[in-house]
Amino acid sequence: MGKRIRSGIFLVLLLAVFLGMFAAFGPGVYNDSDQYLKMHIHREPLYPLFLAALRTVFPNGWLIAMGIVQNVFAAVSIWLFAEYFGERFELGAAGEAVVVLLCLAPHMLTRYFSALHLFMTNSVMSEAVCLPLFTLFFMECCKIFTEEEERECRKAAVCSLLLAFLVSLARTQMMVTILIWLAVAGVRIVLWPKNRWRRRTWQRLRNGKWKASRLLIMTGIVAVVFLLRMLAVRSYNLVFNGHFINNTYGTVNTLTNILYAADREDGERIRDQEAREFFFRMYDLAEERQANYKYAGSSLREKTEHIEAWHDTIKYEMIEDVFYQTYDKTVTSDYIIQNLMADETAGKIIKGILPGCFFRWLGNYILIASYGAVRSIAVVHPIINWAACFLYLSALGLVLLVWRKDAGNRAVPVMLIALLAILANVGAVSMTIMCLSRYMIYGFAPFYTGYFLLLLNLRRR
């Protein structure tokens, strides 16, 4: 079978799967969907603007158009991903088919194993475009190491940074992609072949200065990208919400897990009287419903599941309602002003109570992150949790084994970048919310693709 024919078949099959799932299940509208449609102050700008464009062009059939565009985009992103790795690692038809299936797996997991049972690319949710963007971002990051020509490395670095910027505008947690880019490109600069210059002392010094200057330039570029993102978000909110501000509610989200770990006496450290009164009301509600760490059980599994079971209840019923019911009666019903006031007060509460409950919060953070690490590559289950742990350890073992046999093997950086992406995503999500499957699936295909490439390399040897 010719390469072009095989490539065309894979693309047609992917389009058939994604469009077939859309035809079978139709568009999905969920609780968060309304916030994207109304350009809510909580939501990042990229996806609401995408929906607004569709509603402008297709006023009567925008949901159908959305499903088609999102599913085609997902299919094409997987096709490009599989095509690149298939060519670069000489996988053949069977190997490329494995990569395609690995990229399809996260979509099926969230459809049949997650709590919402959603097929992401059918849904009015930012993950529908965020996952394909991240797939392309990961591919371009890998090119920084898997391509040998300096020109191709630079091209990949530019493309991956642009994709990181777009992903960060789709979901705040994915701002970590900008830092991932800095780490990947920075390591590539440091490890750039030394034979670019002769081994004389002054030439080695020149080599070191060349690397240091480029690392400094890259750090400056990252700072500019973060600034541009902030300006983009604020400008979007100014145009559509009338306020030149960042997305609100991040501090309230952070307060949720800290309130869970607090004791009532921690509130005495809050200096602001109004914030202290808010905390006591919130804490008493949590205590009344046994929604804090005291009632979590003794095993690690019971503790983690208790946190996840109560997270949304604490956030919505014990924090949000307390803030908004008070502000409705005493200040204003403008939800943007309420959000700004809630974030400010939540910050004062955190500043007061965190020193007293820091180690409990940190322990809970690790528990939440552990489930996030599992959900990045599997489904949470007492047996599967141990299997996921084994997979992570064996992945590190494979990296070490392949690297010792061939330090320049391209499969090694693919797996290391995948592990870095998982670590960054889990760390960012666990800081503010619980690690639901749809937040974690970004690392699934990269991890198993890297694992597959390492195993294939050992088999060939």
Side-chain angles (χ1 to χ4, degrees), residues 18-75 77 106-134 166-174 232-233 236-237 239-241 246-250 252-253 256 308 311-313 315-317 319-321 324 335-336 338-339 375 429 432-442:
F18 279 96
L19 293 176
M21 291 294 283
F22 182 63
F25 299 107
V29 180
Y30 303 92
N31 292 337
D32 292 345
S33 300
D34 190 56
Q35 293 186 0
Y36 294 113
L37 295 171
K38 293 181 178 179
M39 297 184 165
H40 199 285
I41 199 73
H42 292 175
R43 295 301 173 181
E44 302 81 356
L46 183 65
Y47 194 62
L49 288 173
F50 165 69
L51 294 177
L54 289 179
R55 284 182 291 163
T56 301
V57 178
F58 307 99
N60 298 320
W62 67 270
L63 266 175
I64 302 299
M66 176 210 71
I68 293 173
V69 172
Q70 290 179 175
N71 279 287
V72 169
F73 182 38
S77 69
H107 297 273
M108 299 306 172
L109 284 173
T110 54
R111 175 68 183 89
Y112 294 105
F113 293 96
S114 69
L116 288 179
H117 297 288
L118 57 84
F119 193 73
M120 284 180 297
T121 49
N122 290 354
S123 310
V124 185
M125 300 184 78
S126 60
E127 287 88 349
V129 297
C130 200
L131 180 56
L133 283 172
F134 182 82
L166 292 175
V167 174
S168 74
L169 289 175
R171 288 197 67 83
T172 299
Q173 76 186 68
M174 300 311 290
V233 172
Y236 162 81
N237 285 329
V239 172
F240 294 101
N241 292 299
N246 288 319
N247 294 120
T248 60
Y249 220 60
V252 170
N253 282 334
T256 304
E308 294 193 339
H311 180 278
D312 282 353
T313 303
K315 175 182 172 182
Y316 294 122
E317 299 181 20
I319 296 179
E320 273 193 20
D321 286 353
Y324 295 158
Y335 86 96
I336 296 179
Q338 288 183 349
N339 285 342
R375 289 193 178 105
V429 174
T432 56
I433 50 181
M434 54 183 170
C435 296
L436 299 178
S437 297
R438 68 178 185 271
Y439 303 150
M440 294 293 103
I441 39 77
Y442 299 99

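Here the structure is a predicted model, which means the values were calculated and not measured.
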Any residue meeting side-chain hydrogen bond (donor to acceptor under 3.5 Å, both in side chains) with [X], in chain and number order, not counting sequence neighbours:
X: N247; result: none
X: Q338; result: D328
X: T256; result: none
X: N122; result: N71

Give a yes or no on whether the backbone of [Y] and the side-chain of [X] come within a donor-acceptor separation of less than 3.5 Å.
X: R43; Y: P48; result: no
X: N253; Y: I433; result: no
X: Q70; Y: S123; result: yes
X: R111; Y: L118; result: no
X: S33; Y: V124; result: yes

Going from [atom1] on [X] to [atom2] on [Y], what distance comes out if it is rounded to the nearest 0.5 angstrom?
X: L54; Y: I64; atom1: CG; atom2: CD1; answer: 11.5 Å
X: N339; Y: I41; atom1: CG; atom2: CD1; answer: 7.5 Å
X: M434; Y: K315; atom1: CE; atom2: NZ; answer: 8.5 Å
X: L169; Y: L49; atom1: CG; atom2: CG; answer: 9.0 Å
X: C130; Y: I441; atom1: SG; atom2: CD1; answer: 8.0 Å

Between [X] and [Y], which heavy-atom pair has the shortest distance, and what is it?
X: P106; Y: M120; answer: O-CE, 4.2 Å
X: C435; Y: E308; answer: N-OE2, 4.5 Å
X: L51; Y: Y36; answer: CD1-CB, 3.8 Å

Residues which pass ring pair (Phe, Tyr, Trp, His ring centres under 6.0 Å) with Y236, listed by chain and number, not counting sequence neighbours: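 Ring pair (Phe, Tyr, Trp, His ring centres under 6.0 Å) check on Y236 returns F240.
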Residues which pass ring pair (Phe, Tyr, Trp, His ring centres under 6.0 Å) with Y335, listed by chain and number, not counting sequence neighbours: H40
Working for side chain to side chain contact (heavy atoms under 4.5 Å, CB included), residues F119 and F18: CA-CA 9 Å; F119 193 73; F18 279 96; 3.8 Å; yes
R171 to F134, cation-pi by 6.0 Å centre distance and 45° axis angle: no
Contacts of D312 that satisfy salt bridge (Lys or Arg N to Asp or Glu O under 4.0 Å) - sequence neighbours left out: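 Partners of D312 under the salt bridge (Lys or Arg N to Asp or Glu O under 4.0 Å) test: none.
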Any residue meeting salt bridge (Lys or Arg N to Asp or Glu O under 4.0 Å) with R438, in chain and number order, not counting sequence neighbours: D32, E127
Full working for side chain to side chain contact (heavy atoms under 4.5 Å, CB included) between L131 and H107: CA-CA 10 Å; L131 180 56; H107 297 273; 3.6 Å; yes
Within-4.5 Å side-chain heavy-atom neighbours: T121 and M21: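 A side-chain contact is absent here, since even the closest heavy-atom pair is not under 4.5 Å.
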Trace of the side chain to side chain contact (heavy atoms under 4.5 Å, CB included) decision for V233 with E44: CA-CA 7 Å; V233 172; E44 302 81 356; 5.8 Å; no
Y30 atom OH, over 12 foreign heavy atoms within 6.0 Å: yes
ring-ring contact (aromatic ring centres under 6.0 Å, His included) contacts touching residues 50-71 (sequence neighbours left out):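 Matches after skipping sequence neighbours: Y47-F50.
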Working for side chain to side chain contact (heavy atoms under 4.5 Å, CB included), residues L46 and L133: CA-CA 12 Å; L46 183 65; L133 283 172; 4.0 Å; yes
Set of side-chain contact (heavy atoms from CB on, under 4.5 Å) partners for A23, sequence neighbours left out: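 Testing A23 for side-chain contact (heavy atoms from CB on, under 4.5 Å), a comparison that skips the adjacent residues, returns none.
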Selection residues 18-28 - residue pairs positive for salt bridge (charged side-chain N to carboxylate O under 4.0 Å, His left out), sequence neighbours left out: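 Sorted result for residues 18-28: empty, none.
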